[in-house]
Amino acid sequence: MDQKIDDLISEAIQKATTERGHINILIAGRSGVGKSTLINSVFQSKMAETGQGKPVTQNTREISKEGVPLTIFDTRGLEMKEFSNTIEELERTISQRCTDTDSNRHIHVAWLCIQEDGRRVEEAEVNLHNMLSKHVPLITVITKARSDGGFKNDVLGLLPESRNVMRVRAIEEEFDEGFTLPPMGLNELIEVTSEVIPEGKRRALAASQKANLKYKKDQAHKIVAGAAAASAAAGASPIPMSDVAILAPIQVGMIAGITSVFGMELSKGTLSTLVSSAIGVTGVSFAGRAIVSNVLKLFPGIGSAAGGAISAATASALTVALGEAYISVLANFFAENPDGSPDIEYIAEKLKEKMKGS
């Protein structure tokens, strides 16, 4: 690949990685409440595999996986006699992290999990709620939801500092009587979590989670909108042929950003394949339209203004077409393969087909 394109790809990867950032979620609850099932249902890469993670305190472990911009702090020991020591250790850890100058080390949100079948909120859970809510946004998650019977209102009354109380069922449940209960509440849990975390961490949340495909798409649409506005500005430049040079990093950066929020590998190989596929479809079309507007820019006065206006519309439209085609291809793949790891050659070919048909 041309050295200039290679450099653009390297810069785009760095920018997309920086803008995506990293999110840290603390998940607390008694043994058997279903935290591991919830984690594996919501997030990529089976984050809660047995034995995964490293100790942070005596009863808290830090779980992360290569390529996933997420760290989970899994807190256990609510039923232990020395819980007061556990909560003090945890509070020190949260305080230290939340005062760190690097926002990627902060605890951005906490989920306090309470099992619906238990029909009660323990004193340890109230104490943990009181401590967590002083430091981080807190969402109470009622797990294994089957029959509310007013329990959610009870929780709201006992844990009033929770930003929200969400009833969820992480996996399908099948009963002897022959009926099943489908998963529920996971999409809403992602949406509520997004509302309470810093805006700069929403791309990391989108990339890390697999439960809410619409949320990934929404974050990707924002990237396309930003790239379209930048492309229009580049196209309106009065300097002949300058827009072509300016557009390339915008569109490559857009592809990198979309790849990032969908949680795919952000590597030179991945991005090179996608960029080559996109150039193969859009290059000739863009060149044909760009020549007209750039020639008009060579004429002083009205020629320059007219050329800029035409090129701005063209540049924006082509950027949007490329971005939305890529989102559509990825959304279709992950709708059919929620746990899948897409073959990049397959995605590139589908993108090429989508662009030809648009």
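Since the structure is predicted, the reported quantities are computational estimates derived from the model, not experimental observations.
- Taking the side chain to side chain contact (heavy atoms under 4.5 Å, CB included) definition, one finds that Arg163 meets it with Pro137, Val196, sequence neighbours left out.
- Residues satisfying the ring pair (Phe, Tyr, Trp, His ring centres under 6.0 Å) criterion with Phe43, sequence neighbours excluded, are Trp111.
- Applying the side chain to side chain contact (heavy atoms under 4.5 Å, CB included) test to Ser133 and every residue at least two apart in sequence or in another chain returns Leu138, Glu161.
- Residues that satisfy the side-chain hydrogen bond (donor to acceptor under 3.5 Å, both in side chains) test with Glu191, not counting sequence neighbours, are Asn212.
- By the side chain to side chain contact (heavy atoms under 4.5 Å, CB included) test, Asn153 is found to be paired with Leu156, residues two or more places apart in sequence or in another chain being considered.
- With sequence neighbours left out, the side-chain hydrogen bond (donor to acceptor under 3.5 Å, both in side chains) criterion links Lys210 to Asp339.
- Counting non-hydrogen atoms of neighbouring residues, nucleotides and ligands closer than 6.0 angstrom, the NZ atom of Lys15 reaches no more than 12 such neighbours.
- Applying the salt bridge (Lys or Arg N to Asp or Glu O under 4.0 Å) test to Lys134 and every residue at least two apart in sequence or in another chain returns Glu91.
- Applying the salt bridge (Lys or Arg N to Asp or Glu O under 4.0 Å) test to residues at least two apart or on different chains, the pairs with a partner in residues 246-275 are Asp6-Lys268.
- Residues meeting the side chain to side chain contact (heavy atoms under 4.5 Å, CB included) test with Ser341, sequence neighbours left out: none.
- Listed by chain and residue number, Tyr326 satisfy the side-chain hydrogen bond (donor to acceptor under 3.5 Å, both in side chains) test with Thr259 (two or more places apart in sequence, or in another chain).
- Taking the salt bridge (Lys or Arg N to Asp or Glu O under 4.0 Å) definition, one finds that Arg119 meets it with nothing, sequence neighbours left out.
- For Asp100, the side-chain hydrogen bond (donor to acceptor under 3.5 Å, both in side chains) partners two or more places apart in sequence, or in a different chain, are Arg105.
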